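Note sheet for the following structure.
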Amino acid sequence: MNDTAQKANIGLIGAIVAVATIGGLLFGYDSGAVNGTQEGLKHAFALDEAGLGFTVGSLLIGCVFGAFFAGTLADAMGRRNVMRLAAILFLGGAIVQGIAHDHTIFVIARIIGGIAVGAASVLSPAYISEVAPANIRGRMTTVQQIMIITGLTAAFVVNYYVAQAAGSSLGQLGGIEAWRWMYLMQAIPAAVFLVALFFIPESPRYLVAKKRNPEALKVLTSLFGATEGGLKLAEIQASFSTDHRPRLADIFAPGGFLGVRAIVWAGLLLAVFQQLVGINVIFYYGATLWQLAGFTENDALLINIVSGAVSIAACFVTIAVIDKIGRKPLLLIGSAGMAVTLFVMVYAFSQGALVDGKLVLTPELGMVAVVAANLYVIFFNVSWGPVMWVMLGEMFPNQIRGSALAVCGFAQWGANYVIAQTFPSMAKWSLTGAYTFYGVCAVISFFLVQKFIHETKGKELEAMEG
């Protein structure tokens, strides 16, 4: 451990990380909650497959805009203030989704919640990267993915027991349909997030950018001690141009492909391919997927819980190794592992039989599909799940971090929306074909990482080049 890490106030940094990553938990919880509400949505709003895809994916429309504008807003009004705004939006969105009886109102509330999720998703890892020492930064930022999966798993557990208590997701508890309770429960972590954000400091790098150096020094001193805090302040000041304020145009540079900096293209690659490998099909449509493969609703909800628990365990592996072996090796391992497991799922689905338009697998093939899916989830959560967020939070120079995060966040959530929107129709056409596409994208991602991604392990943010 280097001197900076030795002098760091690990307890304070840990508390800051815990608060900042509640935004990830909220994203995970919503993803898991919608997984169990799809029968309710179809019944309440008379949706076909395309309508269901739009309704589920409407959150991601909000995420696209939340992620895009969050970076610019964070440069203008601070990381912490934008996260507070996100918490308020998420709280309101969760309540309205749970009580809405009009489809348009439900979708608007879902988009509002998505704006909050998109903003928190890009700001939490960036904020953590700006307060954590370089040699533990990867571990600290990986907590974001653990919180996403913890939120997913918590929602899976809540969905399962609420459905059990009500008889099904369409049953009632206290006069309210069970699937609506699955949305209303999101208000609890949203309220916790909002309150907790009043107890963490602003990012010192934002404060320096705003020339609020005494405040920045106070934060850095609380994090690293007086001597190291003063040195860090000088390093941060040196990394900013004194006559240039951050702006979206900073992502452009002469000589870049289509005029865009190479480092931004690398970030876009990570952001888009994290979604094109199809992971959120498991997250959003896990219950639907397993019912398509022949499992009962009850069994499908239990499989979701197992997948969530496996995902959390995989993220702890990442925490143990990311600052030792680096980011790029984990991405390569993940791409290879996902490609293999996705094509095993393709094989299992291709051997199933269609009965009344529904795919039915033999018990043996069903088990192969479940095992392959959980191995796929493990490979994703050891690699692309947390590592993409780690790298987006740390790979860009201070001067362009907000702008680059805006563009990459926009691309990430845009790709997420496309995958979520198209899966129901793709699955109806061919579940095998859908997973073949995701498997091919995993193969492509391996070679793209090999060629275009550079290691950031152990580098100070002030040393990032773009």
Side-chain angles (χ1 to χ4, degrees), residues 23 25-67 85-121 151-152 154-156 158-159 162-163 166 168-191 193-194 280-281 283-288 297 301 304 413-414 416-425:
L25 184 142
L26 291 171
F27 165 47
Y29 197 102
D30 186 275
S31 301
V34 77
N35 201 314
T37 66
Q38 289 165 35
E39 287 301 315
L41 291 173
K42 287 192 287 188
H43 182 266
F45 302 124
L47 303 176
D48 57 14
E49 281 79 6
L52 177 63
F54 172 75
T55 302
V56 170
S58 60
L59 176 95
L60 303 175
I61 297 174
C63 289
V64 169
F65 291 101
L85 177 61
I88 293 170
L89 293 177
F90 201 102
L91 179 61
I95 293 172
V96 175
Q97 283 178 81
I99 64 175
H101 288 271
D102 179 85
H103 183 243
T104 301
I105 293 174
F106 180 89
V107 168
I108 291 171
R110 193 151 175 77
I111 291 172
I112 288 171
I115 291 171
V117 170
S121 71
L152 273 167
F156 292 156
V158 169
N159 288 358
V162 167
S168 75
S169 61
L170 299 177
Q172 293 198 349
L173 290 173
I176 299 175
E177 295 99 323
W179 67 269
R180 293 186 180 277
W181 281 112
M182 297 174 187
Y183 289 110
L184 290 170
M185 293 294 287
Q186 298 174 55
I188 296 174
F193 187 36
L194 177 60
N280 280 328
V281 168
F283 289 168
Y284 297 146
Y285 296 106
T288 300
E297 180 184 57
L301 292 173
N304 282 341
W413 288 109
N416 193 330
Y417 173 74
V418 170
I419 295 298
Q421 172 69 44
T422 57
F423 176 73
S425 299

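Residue numbers run from 1 in the order of the sequence given. What you see below is based on every heavy atom in this structure, not just the backbone, and it leaves out hydrogens, waters and symmetry mates. Worth saying up front: this structure is predicted, and the values here are computed from it rather than measured.
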Could you pull out all residues at least two apart from [X] that satisfy side-chain contact (heavy atoms from CB on, under 4.5 Å)?
| X | result |
| --- | --- |
| S121 | W389, W413 |
| I176 | R180, W181 |
| A154 | Y29 |
| V107 | F54, S58, H103, I111 |

Gap separating the [atom1] atom of [X] from the [atom2] atom of [Y], nearest 0.5 angstrom:
| X | Y | atom1 | atom2 | result |
| --- | --- | --- | --- | --- |
| I95 | F90 | CD1 | CZ | 11.0 Å |
| I188 | L26 | CD1 | CG | 11.5 Å |
| N416 | C63 | CG | SG | 7.0 Å |

Requested in this report: For E177 and S169, run side-chain contact (heavy atoms from CB on, under 4.5 Å): C-alpha distance rounded to whole Å, both residues' side-chain angles, the deciding distance at 0.1 Å, then the answer.
Outcome: CA-CA 7 Å; E177 295 99 323; S169 61; over 6 Å; no
What's the shortest heavy-atom distance between [X] and [Y], and which atoms?
| X | Y | answer |
| --- | --- | --- |
| A166 | A178 | CB-CB, 3.6 Å |
| L89 | I112 | O-CG2, 3.7 Å |
| A187 | L91 | O-CD1, 3.5 Å |
| L170 | G40 | CD2-CA, 3.4 Å |
| A86 | A116 | O-CB, 3.0 Å |
| G414 | V64 | N-CG2, 3.3 Å |

Report task. For the pair L60 and V418, evaluate side-chain contact (heavy atoms from CB on, under 4.5 Å) and give the outcome as yes or no after the intermediate values. Result -> CA-CA 9 Å; L60 303 175; V418 170; over 6 Å; no
Requested in this report: Mind running side-chain contact (heavy atoms from CB on, under 4.5 Å) on F106 and L41 for me, showing each step along the way?
Outcome: CA-CA 10 Å; F106 180 89; L41 291 173; 3.5 Å; yes
Query - F65 atom CZ, neighbour heavy-atom count above 12 within 6.0 Å - result: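 Open.
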Query - side-chain contact (heavy atoms from CB on, under 4.5 Å) between Q38 and L52, intermediate numbers included - result: CA-CA 7 Å; Q38 289 165 35; L52 177 63; 3.9 Å; yes
Query raised in the report: So, does R110 use its side chain to make a donor-acceptor pair with the main chain of Q97 at under 3.5 Å?
Result: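 No.
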**Report entry** Non-neighbouring partners of Q186 that pass side chain to side chain donor-acceptor pair (under 3.5 Å), sequence neighbours left out
**Finding:**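 If we apply the side chain to side chain donor-acceptor pair (under 3.5 Å) test to Q186, skipping adjacent residues, there are no hits.
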**Report entry** ring pair (Phe, Tyr, Trp, His ring centres under 6.0 Å) partners for F193, two or more places apart
**Finding:**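 F193 satisfies ring pair (Phe, Tyr, Trp, His ring centres under 6.0 Å) with no other residue.
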